[in-house]
Amino acid sequence: MSAAATASSFLDLATIRSARGDLYLPGSKSVSIRALLLAALADGETCLSGLLDSDDARVMREALKACGVPLQQHGDEWQVRGAARFPIREADIFVGNSGLSVRTLVAVLAFMEGRYRLSGVPRMHERPIGDLVDALRPLGAQITYSQQDGFPPLLIEPAQARSTQPVRVRGDASSQFLTGILQSAPLLAREHDLIVDVEGELISKPYIDLSIALMQRFGVTVERSQTESGTPRFTVAAGARYLAPGRFHVEGDASSASYFLALGALAGGPVRVHGMGSSCLQGDVRFIDVLSAMGADVTQGEDWTEVQSAGLAGGFRPAAFDTDFNHIPDAAMTAAVMALFADGPCVLKNIGSWRVKETDRIAAMATELAKLGAAVEAGPDFLRITPPAVLKTAAIDTYDDHRMAMSFSLAACGVPLRIHDPGCVAKTFPDYFLRLAALTSA
Ligand SMILES: O=C(O)C1=C[C@@H](OP(=O)(O)O)[C@@H](O)[C@H](O)C1
Ligand SMILES: C=C(OP(=O)(O)O)C(=O)O
């Protein structure tokens with residue numbers, strides 16, 4: 001690929017005819033942000049390697065620094081000295097557009113006995129947080145909305161009298177609310193067990209598995225059960241404390257891997273990503289099932305995954321799909337762009353959470369796929385995409401959404417195109433386009 005950056009506000013991509021090679025993944029966003037917070041709350045020192053360096057990871061790092069947590073960089077590693085209480089009890093914290101950071105910080109800061117103000121970019125102030133605040137208030141959390149009810153910015157003040165009732169949280173807008181409460185276990189389960197019941201549907205479930213796995217690495221066990229009425233229940237025994245694991249390595253980002261694995265399928269490959277394989281803790285590793293079902297060849301070792309096919313140039317067409325993507329909402333965007341090349345109409349079901357992420361991703365995806373010639377039907381929680389007979393070249397708007405920029409770069413496997421504001425990839429993958437260029441040829 002010849003990637004000519006003609007101005008900082010757009011990037012022209014030539015048609016990608018083939019792609020092959022090795023890619024070493026950046027650290028997982030979901031693991032990096034969790035590991036930073038757990039290390040900050042843990043007794044002892046944690047040395048984090050493989051940590052993601054991106055806007056979202058910086059949000060959590062800077063927030064912890066603002067709370068007085070000692071964090072030091074030594075080469076590629078970060079040393080975190082944790083404690084169950086943060087040293088600084090009053091701070092203004094900028095949360096950018098990192099949903100995971102704000103939702104997990106709020107649940108912790110609410111019980112730090114301090115005064116914290118959290119605000120972000122304008123889109124962050126449109127992303128819901130009311131279900132989390134509603135769950136925390138009966139526990140004594142003093143959280144007030146500074147602008148609009150249900151959304152950041154927020155003011156957190158010292159919590160008051162606590163109740164020991166089961167915490168009830170809704171999980172149908174985001175799984176991050178439950179993650180936030182579970183990760184606060186050492187603050188909430190001091191004299192009594194922490195019991196959390198999830199009301200309504202719980203979406204994006206593999207992210208809860210990830211939270212529980214990482215809490216376990218930091219010495220806290222979460223038990224799962226069901227109430228008599230069948231409600232999912234999560235319990236952490238009283239007295240839970242995080243213990244620094246000494247060293248902790250952050251695995252590669254499985255959502256970031258999806259673009260390169262899709263590239264291996266569309267442009268022939270083989271493309272091998274390193275840092276994500278069969279031992280991966282992130283749910284998005286299951287994107288390989290989507291690729292296999294589309295007809296690509298997928299092989300995997302413990303720490304790598306490789307994809308190849310005949311490539312579009314050699315007659316490969318992804319098999320059309322009608323699939324529930326609730327378990328992999330981020331990698332699902334990669335599948336949506338792959339649908340442009342499919343051998344029939346494709347349906348992405350159960351993706352309602354897209355509406356409240358970095359942008360309204362259902363609307364944005366529909367608009368931009370249509371520019372390339374696809375016929376798209378957008379519902380409240382689904383997309384039906386009929387691929388065009390011939391792709392049209394287009395200038396793709398990215399809505400300050402890293403995944404819009406990265407997923408649409410794959411359309412270049414069929415047509416030259418322009419990506420507006422390519423710098424928005426800095427949220428999770430700052431050198432994405434350089435890495436893409438290194439693997440592709442026009
Ligand atoms: O817990 C996490 O690390 C995440 C959970 C998901 O959000 P939702 O639970 O809001 O779907 C995902 O989209 C986000 O990128 C990361
Ligand atoms: C939705 C995302 O992130 P977050 O919710 O953490 O902002 C994402 O990275 O696609």
Side-chain angles (χ1 to χ4, degrees), residues 26-38 52 54-60 63 95-107 120-121 123-129 131-132 152 169-183 198 200-215 250-251 253-259 280-287 325-334 336 350-362 364-365 381 398-407 424-429 432:
S28 157
K29 172 199 82 169
S30 292
V31 177
S32 295
I33 291 175
R34 283 172 172 78
L36 279 165
L37 185 56
L38 298 184
L52 175 64
S54 78
D55 286 354
D56 276 15
R58 195 169 315 117
V59 161
M60 182 54 91
V95 291
N97 195 7
S98 175
L100 179 59
S101 298
V102 72
R103 288 152 176 174
T104 53
L105 278 167
V106 163
V121 301
R123 175 62 182 170
M124 174 55 86
H125 300 170
E126 298 172 351
R127 297 186 66 187
I129 199 157
D131 290 340
L132 176 62
V169 65
R170 296 198 64 83
D172 52 355
S174 172
S175 67
Q176 294 168 350
F177 306 143
L178 175 58
T179 285
I181 295 169
L182 292 177
Q183 289 192 161
V198 180
E201 194 203 349
L202 173 61
I203 64 162
S204 306
K205 288 194 190 73
Y207 289 99
I208 299 304
D209 301 336
L210 178 64
S211 305
I212 292 174
L214 295 184
M215 287 172 67
V250 175
E251 63 188 24
D253 193 298
S255 317
S256 298
S258 71
Y259 312 109
C280 180
L281 296 172
Q282 302 153 75
D284 272 6
V285 66
R286 301 280 30 111
F287 182 67
F325 281 97
N326 193 278
H327 62 305
I328 52 168
D330 293 356
M333 293 181 75
T334 314
N350 210 356
I351 51 167
S353 71
W354 278 22
R355 297 239 179 239
V356 291
K357 297 204 191 252
E358 281 77 336
T359 184
D360 176 341
R361 287 176 167 172
I362 292 188
M365 186 59 77
D381 66 349
T398 49
Y399 307 80
D400 204 15
D401 182 347
H402 55 143
R403 296 198 197 287
M404 284 296 288
M406 295 189 282
S407 57
C424 65
V425 298
K427 189 172 192 280
T428 52
F429 202 158
Y432 173 77

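From a predicted model like this one, the values you see are computed outputs, not experimental measurements. One-based numbering, in listed order, for ligands and for the atoms of each.
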Q.
Checking the side chain of S98 only, and the main-chain atoms of V95 only, is there a donor and an acceptor separated by less than 3.5 Å?
A. no
Q) Atom NZ of K427 and atom CG of D400: how far apart are they, to the nearest 0.5 Å? A) 9.5 Å
Q: Answer with yes or no after comparing the ring centroid distance for Y259 and F429 against a 6.0 Å cut-off, counting only values under it.
A: no
(Q) Residue by residue, ordered by chain and number, which ones reach under 4.0 Å of ligand 2 with a heavy atom? (A) K29, N97, S98, G99, L100, R127, Q176, D330, K357, E358, R361, H402, R403, K427
Q.
For ligand 1, which is the ligand I care about here, please tell me if K29 has any N or O atom under 3.5 Å from one of the ligand's N or O atoms.
A. yes
Q. Which heavy atom of the protein is the closest neighbour of atom 15 (O) of ligand 1, given with residue, atom name and distance?
A. D330 OD2, 2.6 Å
Q: Output yes when K29 and D55 qualify as a salt bridge under the 4.0 Å nitrogen-oxygen rule, no when they do not.
A: no
Q) Does ligand 1 have any atom sitting under 4.0 Å from a heavy atom of T179? A) no
Q) Can you tell me which residue and heavy atom of the protein come closest to atom 9 (O) of ligand 1, and the distance to 0.1 Å? A) S175 OG, 2.5 Å
Q) Okay, side chain of H402, backbone of A426: is any donor-acceptor separation there less than 3.5 Å? A) no
Q | Identity and separation of the nearest protein heavy atom to atom 10 (O) of ligand 1 | A | S174 OG, 2.7 Å
Q) Out of R103, Q176, K357, who gets a non-hydrogen atom closest to atom 11 (O) of ligand 1? A) K357
Q) What distance do L182 atom CG and F177 atom CZ have between them, rounded to the nearest 0.5 Å? A) 13.5 Å
Q: Ignoring hydrogens and angles, tell me if any N or O in the side chain of N97 forms a donor-acceptor pair with the backbone of V121 under 3.5 Å.
A: no
Q) Taking 4.0 angstrom as the limit, do K357 and D401 come out as a salt bridge? A) no
Q. So, does N326 use its side chain to make a donor-acceptor pair with the main chain of S204 at under 3.5 Å?
A. yes
**Q.** Nitrogen or oxygen of Y207 less than 3.5 angstrom from that of ligand 1
**A.** no
Q: Specify the protein heavy atom at minimum distance from atom 1 (O) of ligand 1: its residue, its atom name, and the distance to 0.1 Å.
A: R34 NH2, 2.7 Å
